[in-house]
Amino acid sequence: SDFSIGLGLIWEIDFGVKSSNVSHARIELETLKAQQAFAQKNMPIKIEKLYLDLVEAQKKAVELEKSYKSSKKLLNNIASGVALGITPAKEIIDSYTLKAEIYQQFVEAAYNYEMRLAELSYEMGSELNPALK
């Protein structure tokens with residue numbers, strides 16, 4: 001019967017590739033740690049800014065809602081004036097245009113408020129809108 005034994009030799013030439021890969025990974029890890037520390041340190045500032053944006057958007061939406069209600073009353077008053085013959089008919093077109101413009105601004109303000117609320121909820125990590133909880 002045949003019997004054989006083999007002996008092999010593997011010679012790995014590294015030329016510092018592994019050590020440079022390890023060094024590169026350590027540098028990336030330290031960079032990520034520094035970025036994480038910076039982000040955590042500045043998180044309260046970002047949340048405060050988002051909160052102030054939310055408050056501003058809410059105030060704007062409330063004021064535009066009041067303006068919209070006033071523009072509806074104005075349109076009704078002008079329509080009554082036109083019906084009585086006191087006010088020219090052109091005033092109805094102007095007041096209706098004003099009402100439509102204010103309504104558009106109100107819808108945009110309400111949308112901006114909801115978006116600011118969503119951004120703040122995302123950054124805080126919990127839902128702040130009670131309707132969505």
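What you see below is based on every heavy atom in this structure, not just the backbone, and it leaves out hydrogens, waters and symmetry mates.
- Contact between Ala61 and Ala110 at its shortest, heavy atoms only, is CB-N, 4.3 Å.
- Between Glu30 atom CD and Ile27 atom CD1 the span is 9.5 Å, to the nearest 0.5 Å.
- When the side chains of ILVMFWY residues are joined at heavy-atom separations under 4.5 Å, either directly or via intervening members, Met124 and Tyr51 end up in a single hydrophobic cluster.
- More than 12 heavy atoms of other residues, nucleotides or ligands lie within 6.0 Å of CD in Glu28, so this atom counts as buried by the packing criterion.
- Leu120 and Val55 fall within a single hydrophobic cluster, where Ile, Leu, Val, Met, Phe, Trp and Tyr are joined by side-chain heavy atoms under 4.5 Å apart, directly or via other members.
- Within the structure, every pair that satisfies the salt bridge (charged side-chain N to carboxylate O under 4.0 Å, His left out) test and touches residues 103-118, not counting sequence neighbours, is listed here: Arg116-Glu119.
- With contacts defined as side-chain heavy-atom distances shorter than 4.5 Å, the pair Lys99/Tyr103 does not qualify.
- With rounding to the nearest 0.5 Å, the separation of CG in Asn112 from CD in Glu56 is 10.0 Å.
- Between Val82 and Pro88, the shortest heavy-atom distance links the atoms CG2-O, 3.5 Å.
- Between Ala79 and Ile92, the shortest heavy-atom distance links the atoms CA-CD1, 4.1 Å.
- Rounding to the nearest 0.5 angstrom, the gap separating the CG atom in Leu74 from the OG atom in Ser95 is 5.5 Å.
- Contact record, Tyr96 with Leu75: CD1-CD2, 3.7 Å, taken as the closest heavy-atom pair.
- Between the OG atom in Ser70 and the CD1 atom in Ile102 there is a gap of 8.0 Å [rounded to 0.5 Å].
- Nearest heavy atoms, Ala57 versus Tyr113: CB-CA, 3.8 Å.
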Carefully, step by step, assess Lys66 and Glu63 under the rule salt bridge (charged side-chain N to carboxylate O under 4.0 Å, His left out).
CA-CA 5 Å; Lys66 290 177 186 175; Glu63 291 301 318; 3.8 Å; yes

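- Here the shortest heavy-atom pairing between Leu54 and Leu117 reads CD1-N, 3.5 Å.
- Residue Gln36 holds its CD atom at 12.5 Å from OG1 of Thr31, rounded to the nearest 0.5 Å.
- Under the 4.5 Å side-chain heavy-atom criterion for Ile, Leu, Val, Met, Phe, Trp and Tyr, Leu64 and Val107 are members of the same hydrophobic cluster.
- Distance NZ/Lys72 to CG/Leu98: 14.0 Å, rounded to 0.5 Å.
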